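Reading through the structure tokens given below for one structure.
Computed from a predicted model, the values in this text were never measured in an experiment. Worth knowing before you read on, the calculation uses all heavy atoms, side chains too, and leaves out hydrogens, waters and symmetry mates.
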Amino acid sequence: MKISEDILYVGVNDHDIDLFEGHYIVPEGMAYNSYVIKDAKTAVMDSVDGRFADEWIEKVKEAAGSPDYLIIQHMEPDHSGSILGFMEAFPEAVVVSSQKAFTMMANFFEGKDFADRRLVVKEGDTLELGSHALSFITAPMVHWPEVIMTYDAKDKVLFSADAFGRFGALDEIGETNEEDDDWACEARRYYFGIVGKYGPQTQAVLKKAAGLDIQTICALHGPVLVKDLGYHIGLYDTWSKYESESQGVVIAYTSVYGNTKKAVETLAEMLEARGVPEVEVTDLARDDIAEAVEDAFRYDTVVFATTTFNNGIFPFMREFIESLTERNYQNKRLAFIENGSWAPQAAKVMKGMLEGCKNMTFCENDVKIMSALNDESRAKLEALADELASAYK
């Protein structure tokens, strides 16, 4: 794939992976992106997972001959895993990265930090390749501390490291966002799962990028972004400000014997009948929890429904709430449904877990179910549905 006359794609697709970072389900596989910039001097942008080193190095040779530079923007092993193979294959090449990245290289590669073949860069430094001048932007904690991004002034390309990435191998989803019709869904799941904790740091990088004329974004995962960049950057701005992207209610639940599930389904029907714009229901024991986290950040209202369990809450609900709070969950309206056969206290526990989150509005109508729905708890569901729907009228 050609990004421009001088920039070529040399990444690889991974269809063997089942869990990205040992955690995220990736049914469409994963892409590890790498790029070659050809000029009087030739630079390679990032390496790939070490399992694909031979394939990648052959692609680099075919595209670039003998490159002069390997620029490492991010040291996670899915991007740094082939550095050693590259440096052996191209003994004259120089590796370019941040000081923190070279410290990490010594940790990953048993003391090898390429002291005699390295160029340390920092914010504002420029690398001249010829007609291409590459300037470096530090992006600490988006989402590791050593991260840099790179801007090519000639072709107006931002090499954005892990930012603007999404799950999926390119031979499944398309090489550019002109072919990828579902970028936002998997980019959102990727962002909130992996980068979401670092909203302020993402905001800082977006402010730096605002001063650049960007016509193409080349991320380390997912398709090359070549159209509607304002839309994509706007989503990142919304996500990193922890603002709700869409109006609607997410009902996240666990159910032991089906009674809490029945209450949740009843509430969902009530909300739809009242014209709530979107109602998403997720079973935390069976559905992808990363999808549930994505939806909880996307929509403006979340209902948490679970049983009292071991004087606390059901484990999948605990994991879900912890996944939200550790990512700085904020700016939402919340409601609670609890179930318990003799001493329900799930609502109290869930509220306690969320009380430290910023700018939360707690609904007045909690619903308590004693084992199974009855007339009293159904009336409470009706009151909660009225309260939730009132915000959308």
Side-chain angles (χ1 to χ4, degrees), residues 192 196-197 242 244 248-271 276 279-287 289 292-391:
F192 285 114
K197 180 179 178 65
Y242 303 101
S244 298
V249 177
V250 177
I251 310 175
Y253 77 94
T254 65
S255 187
V256 181
Y257 296 110
N259 290 305
T260 306
K261 178 181 179 180
K262 183 176 180 180
V264 163
E265 291 173 341
T266 301
L267 177 61
E269 292 171 359
M270 292 175 177
L271 294 174
V276 172
V279 180
E280 298 286 343
V281 177
T282 181
D283 179 349
L284 297 174
R286 293 173 175 83
D287 298 334
I289 197 166
V293 168
E294 171 195 345
D295 282 343
F297 276 96
R298 177 179 182 178
Y299 293 100
D300 56 12
T301 301
V302 178
V303 179
F304 299 86
T306 195
T307 50
T308 300
F309 184 84
N310 287 339
N311 292 322
I313 56 176
F314 208 69
F316 293 107
M317 179 61 77
R318 179 173 296 279
E319 180 186 357
F320 176 58
I321 294 176
E322 288 174 347
S323 295
L324 298 177
T325 57
E326 70 186 14
R327 289 166 172 81
N328 295 327
Y329 197 54
Q330 55 191 275
N331 303 323
K332 302 295 178 183
R333 185 174 57 149
L334 309 180
F336 301 90
I337 299 172
E338 63 178 355
N339 195 347
S341 292
W342 60 91
Q345 58 176 341
K348 178 182 176 181
V349 174
M350 290 188 287
K351 287 180 180 179
M353 294 179 69
L354 290 156
E355 65 184 1
C357 298
K358 297 178 182 178
N359 195 27
M360 293 298 200
T361 300
F362 291 81
C363 289
E364 294 180 2
N365 291 283
D366 290 341
V367 178
K368 179 168 68 176
I369 302 167
M370 297 299 293
S371 300
L373 279 175
N374 57 23
D375 289 344
E376 182 180 356
S377 52
R378 283 192 187 91
K380 279 289 190 181
L381 281 179
E382 293 278 5
L384 177 57
D386 286 339
E387 183 179 1
L388 293 174
S390 66

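When every heavy atom of K197 is checked against every heavy atom of N328, the shortest pair comes out as O-ND2, 2.8 Å. When every heavy atom of E338 is checked against every heavy atom of A346, the shortest pair comes out as OE1-N, 3.0 Å. The minimum heavy-atom distance between K332 and S244, with the atom names listed, is NZ-OG, 2.8 Å. Closest non-hydrogen pair, P344 versus M370, comes out as CG-SD, 3.5 Å. The shortest non-hydrogen separation linking L284 to A292 is CD2-CB, 3.8 Å. Residues I369 and A263 approach most closely at CD1-CB, 3.4 Å, considering heavy atoms.
Considering only heavy atoms from C-beta on, K380 stays 4.5 Å or farther from I337 through its side chain. Between L388 and V276, the closest side-chain pair of non-hydrogen atoms is not below 4.5 Å. No side-chain heavy atom of L334 sits under 4.5 Å from any side-chain heavy atom of M350. Residues E265 and V281 are not in side-chain contact: their nearest non-hydrogen atoms beyond the backbone lie 4.5 Å or more apart. With a 4.5 Å cut-off on side-chain heavy atoms, R327 and S323 count as touching. Here the side chains of F320 and T306 are not in contact, with every heavy-atom distance at 4.5 Å or above.
The backbone N or O of S371 sits less than 3.5 Å from a side-chain atom of N259, completing a donor-acceptor pair. Between the Y299 side chain and the E280 main chain, no donor and acceptor come within less than 3.5 Å of each other. At distances below 3.5 Å, at least one donor-acceptor pair connects side-chain atoms of Y242 with backbone N or O atoms of G196. For S377 (side chain) and L373 (main-chain N/O), no donor-acceptor pair under 3.5 Å exists by modelled atom type. Using modelled atom types, one side-chain atom of T308 and one backbone atom of Q345 make a donor-acceptor pair closer than 3.5 Å. Using modelled atom types, one side-chain atom of N374 and one backbone atom of E376 make a donor-acceptor pair closer than 3.5 Å. A donor-acceptor pair is defined here as one N or O able to donate and one able to accept, closer than 3.5 Å; such a pair exists between the side chain of D300 and the backbone of G248.
Within a 6.0 Å sphere centred on CG of N311, other residues, nucleotides and ligands contribute 12 heavy atoms or fewer. By the 6.0 Å contact criterion, CD on E387 is enclosed, its count of non-hydrogen atoms from other residues, nucleotides or ligands being greater than 12. Within a 6.0 Å radius of NZ in K261, no more than 12 heavy atoms belonging to other residues, nucleotides or ligands are found. Heavy-atom contacts from other residues, nucleotides or ligands closer than 6.0 Å to CD of E364 number 12 or fewer.
For the atom pair CG of N359 and CD of Q330, the computed distance is 7.5 Å after rounding to the nearest 0.5 Å. E355 contributes atom CD, which lies 12.0 Å from atom CE of M360 (distance to the nearest 0.5 angstrom). Taken to the nearest 0.5 Å, the CD atom of E294 stands 10.5 Å off from the OG1 atom of T282. To the nearest 0.5 angstrom, M317 atom CE is 13.5 Å from F309 atom CZ. The CE atom of M353 sits 5.0 Å away from the CD1 atom of I313 when rounded to the nearest 0.5 Å. Of the inter-residue distances, the one linking I251 atom CD1 with D295 atom CG reads 12.0 Å to the nearest 0.5 angstrom.
F304 pairs with exactly one of F362, F316, F336 by the ring pair (Phe, Tyr, Trp, His ring centres under 6.0 Å) rule, that one being F336.
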